[in-house]
Structures are given as C-alpha cells and as structure tokens.
2 protein chains.
Amino acid sequence: MPDVFKGLADPTRREILSLLKDRDLNVGEIAKHFPISMASLSHHLNILYEARLVTKIKKGQFVYYSLNTTIVEDVILKLVSLQKKEE
Amino acid sequence: MPDVFKGLADPTRREILSLLKDRDLNVGEIAKHFPISMASLSHHLNILYEARLVTKIKKGQFVYYSLNTTIVEDVILKLVSLQKKEE
DNA sequence: AATTTATTTAGATAATATTCTAAATATCTA
DNA sequence: TAGATATTTAGAATATTATCTAAATAAATT
C-alpha cells in the first residue's frame, strides 16, 4: 500500500475526501471549498492520488476526482487488524 | 478527536501500535524493536499518547504502554463514514 | 489562430516533524 | 544515601510538508 495514512494525515485532504463521498467533483469545484491556492490544492490532490485514495478522469477541460472506496476499505481492514488480540 | 491520523501517519508509530496489540510493553521493551534513540522513541510515544491511541501506566521504575482499542474503533467508524453514499 | 478557462509544474519560502546528544527526573538496590 | 536503571525533557540539526507566485500545458471558444 502506498502511504495512505500520510494521505489521511492532513485535515484539508480529509475534507476533500469527505466532499467526494457525495459526488465526483472537478478541481475547480473542490477549490471553492478551500481558501488555498490552486497550486496547493493540486498538490494535495496529487498526494491523495498517489496514495490511491482518489482516482481522476479527464473530461474535456476538466479533471474529475472520485473517492476510491476500495482503498478506504483496505485502510479499515488494516485498522481492524491493529486491534488487540484479547483483553 | 485529537489528531489520531497524525498519530498513524508515521510507520514507526504504526509499528509500535502493532507491537502493543499482543501485549502491554514498557518503553525499554518497545525500544528493542527500533534503531532510534530513547529520546526519539519517547517523542513518538508522546504523540501516540496525545492522540489517545495508547494509554500509559507507571509501575515502579517502568512505564507500561497499552493500545487504546476504543480510539482505534473510533477511527474505523470515522473511515466508514468516509465511504461513498451510493455507487 | 488568438484568447479564455482549467489544471499542473517549477521553484522558493515557511512551518512541522523527526532525529540526535546531553541533561534532568524518578525509582530501585546495595 | 550513593550508584544504577528507566524514562522524559531541552535544545539543536536535518528532513519533510504545505504553501505561495509565476510560468507552463491543455482544451474550449470566438
């Protein structure tokens, strides 16, 4: 697994993921929710993409990002396996 | 929730949590598994403690750390709520 | 083809995180 | 109580991350 936890470590990135759970969004639509430059946002999106927490697809002029639910599930499983053996 | 994701972002810290799922360990026992200084380890333990991912209890000369399963469960729930609404 | 709109990349700066050595604190044992 | 062991804290060095502005790329529109 690429570093999914690093991807989740930043609050802006978690917020992006949270937006994407409702519907796919292009970069401009995501940008409206944050007071940071496009360049910074692009950087965050890239980290999410490398962590495979999102996928992206170009539609004409726009790039749409989607939540990669599969990876979210993998993280959940990884955390479940972190739980204690017995108590 | 204090920053649990920050706590999970570092591989050394995840390894510490993984050790603790088997049994509680004191700092010296944990230290044996890592090639870093006591000071660095102590720093990591502090981050885990502040994120409430672990609890600690002093027994005489030793400080024992335990996994806080409750918080791990909270993180799992938080991730579950990150999943897509429909597909 | 020139202009506008959307997104990414380059390069710099500032903020955070990780690590270290050295010193401090606390407890145990002789 | 003096010396040994366990852990934490202070302070500094280095590495990583987040952010910015400016420039580059790509597609759409006129």
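All chains are named by letter (A, B, ...) in the order of the sequence lines, taking the proteins before the strands, and each is independently numbered beginning at 1.
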### Query
Any donor-acceptor pair under 3.5 Å linking the side chain of R13(A) with the backbone of G7(A)?
yes
Ignoring hydrogens and angles, tell me if any N or O in the side chain of N26(B) forms a donor-acceptor pair with the backbone of F62(B) under 3.5 Å.
-> no
| message | Categorize Y65(A) for me: base, sugar-phosphate, or nothing, with a 4.0 angstrom heavy-atom threshold over every strand shown. | response | sugar-phosphate
- What nucleic acid atoms does L41(B) come within less than 4.0 Å of, heavy atoms only: base, sugar-phosphate, or nothing? nothing
Between atom [atom1] in [X] and atom [atom2] in [N], what is the gap in whole Å?
X      : N       : atom1 : atom2 : answer
I47(A) : dT9(C)  : CD1   : P     : 13 Å
D3(B)  : dT17(D) : CG    : C1'   : 14 Å
L45(A) : dA6(C)  : CG    : P     : 16 Å
K56(B) : dA6(D)  : NZ    : P     : 17 Å
I30(B) : dT8(D)  : CD1   : C1'   : 14 Å
L25(B) : dA6(D)  : CG    : C1'   : 15 Å
L48(A) : dT8(C)  : CG    : C1'   : 16 Å
I36(A) : dT17(D) : CD1   : P     : 16 Å

Side-chain touch L41(A)/I16(A), heavy atoms, less than 4.5 angstrom: yes
Side-chain heavy atoms of R23(A) within contact of E29(A), under 4.5 Å
yes
Of the listed nucleotides ([options]), which one gets closest to any side-chain atom of [X]?
X      : options                   : result
H43(B) : dT19(C), dA10(C), dT19(D) : dT19(C)
S42(B) : dA6(D), dA6(C), dT9(D)    : dT9(D)
A39(B) : dA22(C), dT21(D), dT8(C)  : dA22(C)
M38(B) : dT7(D), dT8(C), dA18(D)   : dT7(D)

Distance from [X] atom [atom1] to [Y] atom [atom2], nearest 0.5 Å?
X      : Y      : atom1 : atom2 : result
Q83(B) : N68(A) : CD    : CG    : 10.5 Å
L77(B) : I76(A) : CG    : CD1   : 9.0 Å
R14(B) : L82(A) : CZ    : CG    : 9.0 Å
L8(A)  : I47(A) : CG    : CD1   : 11.5 Å
F5(B)  : L53(B) : CZ    : CG    : 10.0 Å

Is any side-chain N or O of [X] closer than 4.0 Å to OP1 or OP2 of [N]?
X      : N       : answer
N26(A) : dT7(C)  : yes
N46(B) : dT8(D)  : no
S40(B) : dT18(C) : no
S37(B) : dC20(C) : yes
H44(B) : dA17(C) : no

The side-chain contact (heavy atoms from CB on, under 4.5 Å) partner of L20(A) among T69(A), V54(A), T55(A) is V54(A)
Exactly one of L17(A), V4(A), D10(A) clears side-chain contact (heavy atoms from CB on, under 4.5 Å) with L48(A), and that residue is L17(A)
Overall bend of the helix from dA1(C)-dT30(D) to dA30(C)-dT1(D) (five pairs an end, 10° steps) is 20°
Say whether S66(B) and D24(B), considering side chains only, have a donor N or O and an acceptor N or O under 3.5 Å apart.
yes
Can K56(A) be said to sit on top of Y64(A)'s aromatic six-ring, NZ or CZ under 6.0 Å from centre and within 45° of the ring axis?
-> no
B/S/- along nucleotides 25-30 of chain D (protein heavy atoms under 4.0 Å) is -SBS--
Residues of residues 10-19 of chain B with a heavy atom under 4.0 Å from any atom of DNA chain D, listed by number, are none
